[in-house]
Amino acid sequence: MQIPTHEPGRSRTPFSEVYEAHFDAILGFVTRRTADRHLAADLTADIFVAALEAFERYDVGRGTHLVWLYGIARNTLASHARHAAREREAVAAFSGRRLLDEQDVQRFEERIDAEREARDLLARHGVLSEPLRAVIDLVAVDGLSTKEAAKVLRISQATARVRLHRARTALRAGRTTPSGTFTTPLTEVTR
């Protein structure tokens with residue numbers, strides 16, 4: 001009888017292979033959520049540092065390496081957003097107003113020049129509740145399966161499917177008219 005060289009439930013894959021296999025997916029996840037490529041690189045590095053530090057506690061029973069990394073990425077991005085918001089509030093309180101930097105101006109110009117359909121979809125997406133947005137982002141944007149998205153969000157697969165269905169229904173139902181008003185009140189659909 002041979003003694004196992006790893007703990008039951010722990011990954012047999014070396015971290016370097018996990019890193020190589022999923023780096024592009026995690027970088028894409030971060031890049032889609034920030035306009036600054038340097039910040040995207042820093043956040044991606046932070047995600048993999050956190051993953052390396054937690055790798056010994058990784059449990060294969062809780063999902064694939066990619067699902068686990070997406071969970072770490074979501075937490076890292078949320079933490080960064082909270083920190084950035086506190087920093088902006090502190091600067092605004094100190095100076096009394098917030099000045100626009102080059103990146104802010106560039107983002108505004110890109111938004112103004114965007115196609116109308118993309119702006120409408122973004123508006124409809126923006127009024128979705130956070131739970132609906134989280135599921136639709138992981139499935140439609142990041143390409144995860146409903147099962148994987150459920151594991152990342154730590155909800156049941158049935159709940160993820162219901163949220164995905166509600167999000168898609170809300171996005172379809174909320175098409176805008178030329179005047180810019182919604183034809184179907186999204187508050188009814190997103191409940």
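Note that these values count all heavy atoms, side chains included, but never hydrogens, waters or copies made by symmetry. Keep in mind that this is a model prediction, so the values were computed, not measured.
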Contacts of type side-chain contact (heavy atoms from CB on, under 4.5 Å), residue Ala54, not counting sequence neighbours
Arg57, Trp68
Hydrophobic clustering (ILVMFWY, side-chain heavy atoms < 4.5 Å, transitive) - are Leu128 and Val141 grouped together?
no
Cut-off 3.5 Å, no hydrogens considered: what does the side-chain donor-acceptor table look like for residues 70-80, sequence neighbours left out?
residue : atom : partner : partner atom : Å
Asn75   : ND2  : Gly71   : O            : 3.4
Thr76   : OG1  : Ile72   : O            : 2.9

Taking atom CD of Glu130 as the centre, does the number of heavy atoms from other residues, nucleotides or ligands within less than 6.0 Å exceed 12?
yes
Starting at CZ of Arg12, measure out to CD of Glu17 and round the result to the nearest 0.5 Å.
13.5 Å
Restricting to pairs with a member in residues 33-42, which pass salt bridge (Lys or Arg N to Asp or Glu O under 4.0 Å), not counting sequence neighbours?
Arg33-Asp142
Does Val18 reach the side chain of Leu66, with side-chain heavy atoms less than 4.5 Å apart?
no
What residues, two or more places apart in sequence or in another chain, satisfy ring-ring contact (aromatic ring centres under 6.0 Å, His included) together with His65?
Tyr58
Verify side-chain contact (heavy atoms from CB on, under 4.5 Å) between Ile136 and Leu132, making sure each step is shown before the conclusion.
CA-CA 6 Å; Ile136 195 98; Leu132 298 182; over 6 Å; no
Side-chain heavy atoms under 4.5 angstrom apart, residues restricted to Ile, Leu, Val, Met, Phe, Trp, Tyr: same cluster for Leu43 and Val49?
no
Evaluate the side-chain proximity of Thr44 to Phe29: yes if any heavy-atom separation is below 4.5 Å, no if none is.
no
Please list, one pair per line, the donor and acceptor atoms closer than 3.5 Å that link side chains of residues 146-161 to other protein atoms, with sequence neighbours excluded.
residue : atom : partner : partner atom : Å
Glu148  : OE1  : Ser145  : N            : 2.9
Glu148  : OE1  : Ser145  : OG           : 3.4
Ser156  : OG   : Thr159  : N            : 3.1
Ser156  : OG   : Thr159  : OG1          : 2.8

Smallest heavy-atom separation, Leu27 atom then Ala40 atom, equals CD1-O, 4.3 Å
Electrostatic pair Arg86:Glu89 at N-O distance under 4.0 angstrom:
no
What pairs with Val162 under side-chain contact (heavy atoms from CB on, under 4.5 Å), at least two apart in sequence or on another chain?
Arg166
Would you find a donor on one side and an acceptor on the other, under 3.5 Å apart, between the side chain of Arg124 and the backbone of Leu171?
yes
List for me each residue that meets ring-ring contact (aromatic ring centres under 6.0 Å, His included) alongside Tyr19, sequence neighbours excluded, and say none if there are none.
Phe23, Phe48
Out of curiosity, Leu39 CG to Thr34 OG1, how far, rounded to the nearest 0.5 Å?
4.0 Å
